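Below: the structure, in structure tokens.
From a predicted model like this one, the values you see are computed outputs, not experimental measurements.
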Amino acid sequence: MNDRAPAPGGLALVQALVNTLDIESGADSLDTPEGLARFGLAVDEAEGARELRESLRAVCLAHAGHPAHRRTTPLGELLARAPLRVTLDEDGAARLVPATEETHPASPAPLASRVATAIAESLVEGTWPRLKACEAPTCHWAYYDRSPAGRGRWCSMSVCGARAKMRRYRAK
């Protein structure tokens, strides 16, 4: 759906997770082993990833000024379970990392921890509010709004934007 460049930094993970479900077709990449492997997930972690995805989508819709698409577990509640740790290097630079990264560097950290880390970093960078979800009810695809005023409404002007404008034109 999206013809925009991916979100910067860790927000690309959040964007990719939200975009694992194509609402229009119903295709969910978290239903496939490849889709789960992309996020380092086991089959038994798929349901939790879907819950996290839909909470993230609700927040992305809120960033765009739209109501939630459905009732979801609040994102803050899901991320409160994410084990994180602040680390300092020898120069005193602080970094937020999943708590399991230090003890098990070869295995991926829990998805919620990686998402929480990405959100925290994007809050510091000021990029978090620009991760939005398309206003089209059959889409809700996540996109990063790079418009100067930060008022983007659709994931793709050529698809969702054109459809919305055509509907408004026909309604007149």
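Hydrophobic clustering of Ile, Leu, Val, Met, Phe, Trp and Tyr side chains at less than 4.5 Å, counting indirect connections, unites Val43 with Leu30.
Side-chain atoms of Glu45 and Leu111, non-hydrogen and from C-beta on, never get closer than 4.5 Å to each other. In this structure, the side chains of Val115 and Leu78 stay at 4.5 Å or more apart for every pair of heavy atoms. When side chains are defined from C-beta on, Pro8 does not count as touching Arg130, because their heavy atoms never get closer than 4.5 Å.
Distance alone, capped at 3.5 Å, places no donor-acceptor pair between the Arg95 side chain and the Asp89 backbone. In this structure, Ser113 contributes its side chain and Pro83 its backbone to a donor-acceptor pair below 3.5 Å. At least one donor-acceptor pair closer than 3.5 Å links the side chain of Ser55 to the backbone N or O of Thr73. Looking at Thr20, its side chain does come within 3.5 Å of a backbone N or O of Leu17 through a donor-acceptor pair.
Leu79 contributes atom CG, which lies 9.5 Å from atom OG1 of Thr117 (distance to the nearest 0.5 angstrom). Of the inter-residue distances, the one linking Thr127 atom OG1 with Asp145 atom CG reads 12.0 Å to the nearest 0.5 angstrom. To the nearest 0.5 Å, atoms CG (Leu75) and CG (Leu52) are separated by 6.5 Å. Atom CG in Leu41 sits 12.0 Å away from atom CD in Glu47 (nearest 0.5 Å). In this structure, CG in Leu11 is found 9.0 Å from CG in Leu123, a value given to the nearest 0.5 Å. Here CD of Glu34 is found 9.0 Å from CG of Leu36. Values are rounded to the nearest 0.5 Å.
Nearest heavy-atom pair, Trp141 versus Leu21, reported as atom, atom and distance to 0.1 Å: CZ3-O, 3.4 Å. Contact record, Glu135 with His140: O-CE1, 4.1 Å, taken as the closest heavy-atom pair. When all heavy atoms of Ala7 and Leu131 are compared, the closest pair comes out as CB-CD1, 4.2 Å. A pairwise comparison of heavy atoms in Arg53 and Asp28 identifies NH1-OD1, 2.9 Å as the closest pair. Annotation for Ser122 and Trp128: closest pair OG-CB, 3.3 Å, computed over non-hydrogen atoms. Of all heavy-atom pairs spanning Leu84 and Ala116, the tightest one is CD1-CB, 3.7 Å.
A donor-acceptor contact closer than 3.5 angstrom is absent between the side chains of Arg38 and Ser29.
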Would you sort out whether Tyr143 and Asn19 count as a side chain to side chain contact (heavy atoms under 4.5 Å, CB included), showing the intermediate values? CA-CA 9 Å; Tyr143 66 93; Asn19 292 344; over 6 Å; no

